[in-house]
Amino acid sequence: MKYDFGKIEKKWQDKWEAEKPFAVSSESDKPKFYALVEFPYPSGSGLHIGHPRPYTAMDIVSRRKRMLGFNVLFPFGYDAFGLPTENYAIKNKIHPAIVTRDNIARFTEQAKMLGFSFDWDRCVDTTDPKYYKWTQWIFLKLFEHGLAYKAQIPVNWCTSCKCVLANEEVVDGVCERCGSDVVRREKSQWMLRITKYAERLADDLDTVDYPERVKIQQRNWIGRSVGAEVDFKTTAGNTIRIFTTRQDTLYGATYMVMSPEHALLNEWTPENPDEIRAYQEAASKKSDFERTELSKDKTGVEIKGISAINPVTGLEMPIFISDYVLATYGTGAIMAVPGHDARDWEFAKKFNLPIVEVVSGGDVENEAYVDCEKGVMVNSELINGLTVPDAKVKITKWLVEQGLGSEKVNFKLRDWIFSRQRYWGEPIPIVFCDKCGHVPLPVSELPLVLPDVEHYEPTETGESPLAAMTDWVSTTCPKCGGNAERETDTMPQWAGSSWYFLRYADPHNDNELASRESLNYWTPVDWYNGGMEHTTLHLLYSRFWHKFLFDIGVVPTSEPYLKRTSHGMIMAEDGRKMSKSLGNVISPDDIVGEYGADTLRLYEMFIGDFEKSAPWANNAIKGCKRFLDRVWNLACSPLDGDELISATHETAVHRAIKKVGSDIEGLKFNTAIATMMALVNDFYATAPSRGDIKALLMLLSPFAPHITEELWELQGFSSCALEQEWPSYDESKTLEAEVEMAVQVMGKLRGTIKVALDSDDDTVVKTATADDKIARFIEGKEITRTIVVKNKLINIIAK
RNA sequence: GCUGGUGUGGCGGAACAGGUAGACGCCCGGGACUUAAAAUCCCGUGGGAUAAUAUCCCGUGCCGGUUCGAUUCCGGCCACCAGCACCA
């Protein structure tokens with residue numbers, strides 16, 4: 001009988017569709033397990049060949065967990081708001097909701113074709129008003145708690161998307177999505193105070209099981225640094241507050257630098273106002289990209305007529321403005337210590353400013369002595385002779401006593417710019433009233449549904465297309481009843497994805513984002529797999545929202561995900577990224593058509609190390625198809641006999657059970673499959689029993705669920721494979737009675753011997769030295785030492 | 001520049017925790033079956049020396065070190081990938 005994968009896969013998918021074996025309820029005595037994959041953005045081009053990689057991996061994990069007796073929640077959904085849909089809608093004059101509906105239908109069909117064991121009853125769609133009602137509700141809660149606020153700020157403006165971008169969305173000075181130039185613009189924007197959670201977002205990484213590289217990347221992004229704020233008096237009367245992590249070098253500060261945007265500049269009347277204004281204007285016109293590009297060459301202007309006083313040396317120091325000091329970090333001003341900071345050193349050399357050594361051990365005339373933790377303080381009256389860490393402690397204490405400064409922790413993380421000037425996003429449920437200011441909509445008016453508009457095009461002025469909807473914009477103030485206007489910006493794509501995993505717990509609830517009971521039962525997520533590209537975006541944002549929801553008593557834990565893993569990308573055969581423009585895209589539909597879903601699933605898992613990217617190879621997929629063919633041919637006609645593992649294959653089967661199980665836990669799907677391939681090769685060498693086949697089918701079932709169900713049925717085993725208990729192994733049965741040991745002479749492999757398992761060292765040495773081959777190498781020599789590694793190797797040292 | 005990661009046959013990749021490098025698969029070669037081809041099954045397959053075998057030598061980016069023994073540990077380089085990038 002031929003392996004007709006198309007017919008078999010359809011048969012079982014229809015059965016799963018009708019019988020819903022993967023639909024779960026929280027009413028269960030079993031322990032729960034929540035497995036999560038990142039829900040996709042349903043793009044117009046359908047499922048990418050890369051999508052099935054993480055989905056299959058977590059499907060295998062989920063299917064095995066079910067077999068191990070867990071009540072497994074493995075849900076799926078769509079993160080469907082976003083620019084590509086909106087742009088497609090504009091171009092083709094179709095409503096984005098319709099585009100979204102069609103794309104979701106196609107994605108769903110494709111996902112079902114691959115046999116994932118999702119609980120489809122819990123599918124969510126972020127663009128569904130029943131869903132985004134709760135996204136809006138969370139926004140209102142953030143607003144209520146002072147974590148959402150509107151601010152006039154310089155923003156990243158994408159010249160092509162005509163939209164504000166979050167800092168995280170600007171890559172190398174260009175728009176992450178379209179690659180167009182990003183410029184600075186002053187705009188009034190909704191902001192989320194993620195900085196308030198910076199400390200906890202960094203610290204709580206210690207409590208979760210994430211890959212180290214993810215933790216490090218998040219910590220770097222949050223960028224915690226401990227230092228001090230110090231006040232410097234100026235000859236103009238007011239003081240400049242600076243942030244430094246090197247309080248110890250206070251004696252080495254020889255000038256000050258402020259960012260061109262610093263507020264104090266407006267209060268001063270320097271001798272060279274024109275020069276200053278010119279510099280400020282030039283700086284404001286530069287994009288972030290240009291600022292970085294020019295970073296090699298420091299520029300700046302001195303503020304003439306005003307100087308600052310070093311509180312410890314009494315030195316009158318010139319004050320500069322320069323764009324190497326960022327307005328958005330610390331206080332926007334620094335004390336410059338050219339002796340011990342590379343940037344200050346460069347600036348001082350260019351402007352001929354004094355360089356003072358305050359930590360000995362370097363050569364400050366030739367380069368800044370920066371990594372000077374081992375050095376000793378000099379030229380610093382109060383702290384001379386101290387090490388750098390000791391000097392920090394002492395000088396900070398002194399600053400506090402003198403009322404000149406205090407300890408301070410700063411973060412690189414900035415508040416999250418939360419508004420977008422686009423149509424296809426969640427409306428922000430706020431109205432603006434001349435009398436009452438920003439007024440939140442009452443919860444009873446949620447969801448605030450996106451109105452139908454004529455045009456979705458963004459405007460040149462940077463206003464959302466919603467702004468043209470005067471009927472919708474004009475409203476009444478919920479507080480005073482007077483005339484008011486709706487907020488016309490929408491939320492960024494990251495909003496809906498920041499809490500979707502909570503909705504899966506209770507996806508049809510109209511009264512709460514999810515019931516407390518369902519959240520108590522299902523959350524936190526036990527295992528979340530996703531891409532590295534979301535480390536500082538989605539993963540950080542959703543942790544932030546979750547902590548907030550925890551603080552206001554909505555969710556039971558402060559961290560959303562117990563364990564996070566990351567998959568590598570599937571590249572094109574040429575090693576480049578797959579993209580339409582390069583014409584190297586592989587379609588899952590074609591692969592399933594030619595080889596079947598089980599083969600595709602298997603190949604995506606076999607392709608290489610799950611955590612690393614791997615190039616697609618059309619040839620290699622044949623190996624996986626061949627493997628399934630071989631399995632099919634072994635088991636497609638009913639075998640006789642009982643369901644016990646045969647004596648012949650006992651060791652191999654028990655080893656495979658052990659290896660496949662531990663490999664799935666450790667994300668080593670490729671070696672799990674290799675183990676099963678080797679087992680099947682054994683079965684070809686020596687015919688397996690009906691019980692051997694049964695064991696193989698159970699192991700293979702999470703990987704290739706359709707063919708295994710079919711063969712299970714053909715063999716007349718009870719129930720179905722996916723409902724079996726995951727097989728257990730007996731450690732003693734994974735060992736052979738006789739082992740082959742390597743024999744080395746002087747560390748070089750010279751042969752092998754066979755001895756009984758766990759033979760004692762004497763026996764091993766005797767057997768080895770008695771071996772003809774080995775004897776030749778030790779002939780006429782004296783054995784001075786033998787090293788025996790039990791059951792593995794013996795090394796004979798002979799002179 | 002900083003932070004992380006990677007480097008193993010013609011190719012994708014294995015190798016628990018210092019112990020037989022190259023599992024498994026692809027490609028390739030040979031054989032069986034077939035009128036023939038495909039499919040399937042069996043065998044071989046890191047490089048070199050030898051006609052092949054037996055056997056020996058070399059071999060995990062490079063240079064050194066520790067060790068009976070190093071792909072694995074240590075020191076110093078090189079290359080590539082990813083993230084960050086004037087964060088005081």
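These values consider heavy atoms only, across backbone and side chains, with no hydrogens, waters or symmetry-generated copies. Throughout, a chain's letter reflects where its sequence line sits, starting with A, and its residues are numbered from 1.
A/Asp609 comes within contact range of the sugar-phosphate backbone alone, with a heavy-atom separation under 4.0 Å but no base atom that close. Across all strands shown, A/Arg750 has heavy atoms under 4.0 Å from sugar-phosphate atoms exclusively, and none from any base. Contact annotation for A/Phe411: no contact, since no heavy-atom pair falls under 4.0 Å across all strands. The residue A/Gln744 sits close to a base: some heavy atom pair falls under 4.0 Å. Counting any heavy atom pair closer than 4.0 Å across all strands shown, A/Ile797 reaches sugar-phosphate atoms only and no base atom. As judged by a 4.0 angstrom heavy-atom cut-off over every strand, A/Phe610 is placed among residues making no nucleic acid contact. Across all strands, A/Ile216 comes closer than 4.0 Å only to sugar-phosphate atoms, never to a base (heavy-atom distances). Within 4.0 Å of A/Leu793, counting heavy atoms only, lies at least one base atom of the nucleic acid. Among the protein residues, A/Glu533 comes within range of no part of the nucleic acid, since none of its heavy atoms lies under 4.0 Å from any strand. Nucleic acid contact class of A/Ser613 (heavy atoms, under 4.0 Å, all strands): sugar-phosphate only.
Remark: the separation of the C1' atoms in B/G13 and B/G31 is 29 Å, to the nearest Å. Nucleotides B/G76 and B/C84 are separated by 28 Å at their P atoms, to the nearest Å. Taking the P atoms as reference points, B/A21 lies 16 Å from B/G61, given to the whole Å. Using atom P as the reference point in both B/A49 and B/U53, the two lie 12 Å apart (nearest Å). Here the separation of B/C73 from B/G19, taken at their P atoms, is 11 Å to the nearest Å. Taking atom C1' in both B/G75 and B/G22, one finds a spacing of 28 Å when rounded to whole Å. Straight-line distance between the P atoms of B/U55 and B/U60: roughly 23 Å, to the nearest whole Å. When the C1' atom is used for both B/A79 and B/U40, the distance is 45 Å, rounded to whole Å.
Nucleotide B/G9 carries a syn base; the chi torsion (O4'-C1'-N9-C4 or O4'-C1'-N1-C2) is within 90° of 0.
A/Asn618 has its CG atom 12 Å from the C1' atom of B/C26, to the nearest Å. Here B/C11 presents its C1' atom at 12 Å from CD1 of A/Ile607, a figure rounded to the nearest Å. Between the CG atom of A/Leu537 and the P atom of B/G83 there is a distance of 11 Å, given to the nearest Å. A straight line from NZ of A/Lys612 to C1' of B/G5 spans 9 Å, rounded to a whole angstrom. One can place CD1 of A/Ile774 at 12 Å from C1' of B/U20, the figure rounded to the nearest angstrom. In this structure, CG of A/Leu250 is placed 17 Å from P of B/A88, rounded to the nearest angstrom. At whole-Å resolution of the value, CE in A/Met676 and P in B/A14 are 15 Å apart. Protein atom CD1 of A/Ile796 is 16 Å distant from nucleotide atom P of B/U20, rounded to whole Å.
For B/A14, the OP1/OP2 oxygens have a side-chain nitrogen or oxygen of A/Asn670 closer than 4.0 Å. Phosphate contact (OP1/OP2 of B/G83, side-chain N/O of A/Arg213, threshold under 4.0 Å): absent. Residue A/Arg630 places at least one side-chain N or O under 4.0 Å from the OP1 or OP2 atom of B/C42. Distances shown here put every side-chain N or O of A/Arg246 at or beyond 4.0 Å from the OP1 or OP2 atom of B/A88. Residue A/Lys773 places at least one side-chain N or O closer than 4.0 Å to OP1 or OP2 of B/U55. Under 4.0 angstrom from either OP1 or OP2 of B/G25 there lies at least one side-chain N or O belonging to A/Asn681. Regarding contacts with the backbone of B/A23, every side-chain N or O of A/Thr675 stays at 4.0 angstrom or more from both OP1 and OP2. Contact annotation: A/Arg626 side-chain N/O to B/A39 OP1/OP2 distance is not under 4.0 Å. Remark: A/Lys748 is in phosphate contact with B/C58, judged by side-chain N or O atoms under 4.0 Å from OP1 or OP2. For A/Arg776 and B/U55, the shortest distance from a side-chain N or O to OP1 or OP2 is not below 4.0 Å.
Using a 4.5 Å cut-off on side-chain heavy atoms (C-beta onward), A/Arg213 and A/Glu611 make contact. Within the 4.5 Å cutoff, the side chain of A/His649 has heavy atoms near those of the A/Phe683 side chain. The shortest side-chain heavy-atom distance between A/Ile334 and A/Thr244 does not fall under the 4.5 Å cut-off.
Taking only side-chain atoms of A/Gln217, from C-beta outward, the nucleotide of B/G13, B/C56, B/G83 with the closest atom is B/G83. Of the candidates B/C24, B/U20, B/C68, the closest approach to any side-chain atom of A/Ile787 belongs to B/C68. For A/Ala742, the side-chain atoms get nearest to B/U20 when compared with the rest of B/G13, B/U20, B/C84. Closest contact between the side chain of A/Leu749 and the listed nucleotides B/G19, B/A21, B/C24 involves B/A21. Side-chain proximity of A/Thr671 to the nucleotides B/C42, B/A15, B/G83 is greatest for B/A15. Considering only the side chain of A/Tyr684, B/C42 comes nearest among B/C42, B/A88, B/C24. Looking at the side chain of A/Phe606, the nearest of the listed nucleotides B/U20, B/G12, B/A88 is B/G12.
Across every strand in view, B/U53 sits unpaired, with no contact that passes the Watson-Crick or G-U test at under 3.5 angstrom. For B/U66, there is no paired base (Watson-Crick or G-U wobble, both distances below 3.5 Å). Across all strands shown, B/A39 has no partner, as no Watson-Crick or G-U wobble contact with both distances under 3.5 Å is found. With a 3.5 Å ceiling on both atom-pair distances, the Watson-Crick or G-U wobble partner of B/C2 is B/G83. Using Watson-Crick or G-U wobble geometry with both donor-acceptor distances under 3.5 Å, B/G7 finds its partner in B/C78. Across all strands shown, nothing is found opposite B/G18 as a Watson-Crick or G-U wobble partner with both distances under 3.5 Å.
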A/Thr396/A/Glu407 under side-chain hydrogen bond (donor to acceptor under 3.5 Å, both in side chains): CA gap, chis, key distance, verdict: CA-CA 7 Å; A/Thr396 307; A/Glu407 210 169 12; 5.8 Å; no
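Defined by atom type and a distance below 3.5 Å, a donor-acceptor pair is missing between the side-chain atoms of A/Arg785 and A/Asn795. Inspection of the A/Thr299 and A/Tyr279 side chains reveals an N or O donor paired with an N or O acceptor under 3.5 Å.
Donor-acceptor pairing under 3.5 Å, judged by distance alone, is absent between the side chain of A/Lys412 and the base of B/C84. The base of B/C68 sits within donor-acceptor range of the side chain of A/Asn795, with an N or O pair under 3.5 Å.
Between the side chain of A/Asp598 and the main chain of A/Ile707, a donor-acceptor pair closer than 3.5 Å is present. Without hydrogens or angle criteria, A/His567 side chain to A/Arg53 main chain gives no donor-acceptor distance under 3.5 Å. No donor-acceptor distance shorter than 3.5 angstrom exists from the side chain of A/Tyr541 to the backbone of A/Trp416, with no hydrogens or angles considered. Distance alone, capped at 3.5 Å, is enough to place a donor-acceptor pair between the A/Asn584 side chain and the A/Lys577 backbone.
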